[in-house]
Asker: 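Quick one: the structure is below, and I'll ask about it shortly.
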Amino acid sequence: MKELSLNILDIAQNSIHAEASLVTIRLTETETTLKLEIIDDGKGMSAAFLERVTDPFSTTRTTRKVGMGLPLLKLAAEQTGGYLSISSRERALHPEDHGTEVTAFFHKDHLDFTPLGDVISTVVSLVQGSPDVDFCFLHLLPGKRVELDTRELREVLGDIPLSSPEVLVWIRDTLEEQYSGE
Amino acid sequence: MKSLEELKAIRERMQNKVILREGSAEKRIVVGMATCGIAAGARPVLNTFVEEIAKRNLTGTVEVGQTGCIGMCRFEPIVEVFEGDSRVTYVHVDPAKAKEIVEKHIVGGEPIVEYTVGAAEK
């Protein structure tokens, strides 16, 4: 992947696939580090699947037996001297409190750090593809905070779908405004 | 934060329109957004379609959707256009081709044969 924001788009699809109703994407940056957390309330994974989930030869896909999403994110983190960790609570065992949490940690000053890239397009693409799922996006940078919570938008919009082009444009604008503001 | 007032205005504008039910559009554009598609450049392709459809006011008649991997990763980004019972599969799509597909196929009604999987496999 050329940008970390593409990995985020890819990994967040796993949450959607796991029937999450809320996906939280949190980016925490310092001058030299970046922590990415993707947290969902989906159906989770069994301990056995969790153990081999970063192996490219494990996937939930039915068309074939290879899945590259998490292995690629793991590689992107580890090649900067960082790490990837995943924890999960399976719905079958924890009916009240289930979901998956993926954390990736990067050293930004490492030569092999993949730039974050166009994270706004990632958020817009996720909302466009899954308008019934809620997304809570939070990006903390030194001296700056960018956030978007689709639950708040839904309250205002009523039954207007979040994937309406006008709404997608509004989401893009509001994020751009927050990134460019002081 | 951009004002929620603007969002309210969007709601009021849209409430006057008939809300489109899923599946009622005449044409459906589907972009492959699995790992393979994303890595090959599907995200800007998807966003180009969304923007073009909005810009040309085709929201009521054309739907843009996303799908997973259809097993032809080497041809990604793959875009399928459905209309009635017919399906046209475009391969190696980029934002420029996406614009052209909207113009010639979606609006003009003529599929661009040279961008299809049939032409790529020859």
Side-chain angles (χ1 to χ4, degrees), chain A residues 1-3 5-11 13-14 16-17 56 59 61-64 66-73 117-118 120-122 124-126 128-131 146-148 152-161 163-178 181, chain B residues 1-22 25 29-60 62-73 76-77 95:
Chain A
M1 300 274 180
K2 288 188 189 119
E3 304 174 7
S5 64
L6 293 173
N7 293 91
I8 297 172
L9 175 58
D10 188 28
I11 300 305
Q13 311 267 17
N14 294 347
I16 294 160
H17 198 70
T59 178
R61 218 154 65 183
T62 47
T63 48
R64 117 179 49 150
V66 192
M68 292 300 290
L70 281 167
L72 284 172
L73 182 62
D118 185 1
I120 295 178
S121 286
T122 282
V124 172
S125 303
L126 285 169
Q128 197 273 335
S130 308
V146 176
E147 63 182 317
L148 181 96
E152 288 170 11
L153 312 192
R154 217 179 282 282
E155 238 171 69
V156 176
L157 286 168
D159 56 0
I160 306 293
S163 55
S164 314
E166 290 91 336
V167 177
L168 296 175
V169 168
W170 185 90
I171 292 174
R172 184 176 288 279
D173 288 350
T174 190
L175 289 172
E176 271 170 10
E177 217 175 86
Q178 291 181 59
Chain B
M1 188 165 162
K2 206 159 168 69
S3 81
L4 291 172
E5 291 302 314
E6 285 176 50
L7 209 56
K8 277 184 195 149
I10 292 173
R11 182 182 70 184
E12 274 146 31
R13 273 203 305 278
M14 290 196 63
Q15 268 169 344
N16 301 324
K17 292 183 197 168
V18 180
I19 293 183
L20 189 72
R21 298 276 160 255
E22 201 166 318
I29 302 168
V30 178
V31 182
M33 293 289 287
T35 308
C36 49
I38 293 169
R43 189 184 63 187
V45 169
L46 172 79
N47 286 318
T48 302
F49 279 118
V50 171
E51 279 159 27
E52 285 294 310
I53 297 308
K55 211 158 68 186
R56 292 166 185 268
N57 241 326
L58 294 169
T59 309
V62 184
E63 208 172 85
V64 181
Q66 301 181 22
T67 189
C69 173
I70 60 169
M72 302 194 293
C73 307
E76 294 285 353

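What's counted below: heavy atoms across the whole structure, side chains too, no hydrogens, waters or symmetry copies. A note on names: the letters A, B, ... follow the listed sequences, proteins ahead of strands, and every chain is numbered from 1.
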Asker: For the CZ atom of R43(B) and the CG atom of D10(A), what is their distance to the nearest 0.5 Å?
Answerer: 11.5 Å
Asker: Need one label for Q128(A): side chain, backbone, both or neither, based on atoms under 4.5 Å from any heavy atom in chain B.
Answerer: both
Asker: Flag the one option from L72(A), D118(A), V167(A) with the top tally of heavy-atom pairs under 4.5 Å to chain B.
Answerer: D118(A)
Asker: Which bit of E176(A) is near chain B, if near means a heavy-atom gap under 4.5 Å: side chain, backbone, both or neither?
Answerer: neither
Asker: Are side-chain heavy atoms of L168(A) and E51(B) found at a separation under 4.5 Å?
Answerer: no
Asker: Once you round to the nearest 0.5 Å, how far does CG of L7(B) lie from CD of E166(A)?
Answerer: 11.0 Å
Asker: So which part of V31(B) gets closer than 4.5 Å to some heavy atom of chain A, the side chain, the backbone, both or neither?
Answerer: neither
Asker: Roughly how far, to the nearest 0.5 Å, is the CD1 atom of I8(A) from the CD1 atom of I38(B)?
Answerer: 11.0 Å
Asker: First locate atom SG of C73(B), then atom CE of M68(A), and finally report the distance between them rounded to the nearest 0.5 Å.
Answerer: 10.5 Å
Asker: Measuring from atom CE of M1(A) to atom OG1 of T35(B), what distance do you get when rounded to the nearest 0.5 angstrom?
Answerer: 5.0 Å
Asker: Heavy-atom distances under 4.5 Å only: say whether I10(B) touches chain A with side chain, backbone, both or neither.
Answerer: side chain
Asker: Name the option with the most non-hydrogen atom pairs under 4.5 Å to chain B; the candidates are S5(A), G158(A), S163(A).
Answerer: S5(A)
Asker: Rounded to the nearest 0.5 Å, what's the gap from CG on L4(B) to CG on L157(A)? Could you check?
Answerer: 9.0 Å
Asker: Any idea which of V156(A), L175(A), V124(A) has the most non-hydrogen atom pairs under 4.5 angstrom with chain B?
Answerer: V156(A)
Asker: Less than 4.5 Å apart, side chain to side chain, heavy atoms only: is that true for E6(B) and T174(A)?
Answerer: no
Asker: For L46(B), is it the side chain, the backbone, both or neither that has a heavy atom under 4.5 Å from a heavy atom of chain A?
Answerer: side chain
Asker: Check each atom of T122(A) against the heavy atoms of chain B and say whether the ones under 4.5 Å are side chain, backbone, both or neither.
Answerer: both
Asker: Is there side-chain contact between L9(A) and M33(B), with at least one heavy-atom pair below 4.5 Å?
Answerer: yes
Asker: Please classify the contact of S130(A) with chain B as side chain, backbone, both or neither, using a heavy-atom distance under 4.5 Å.
Answerer: neither
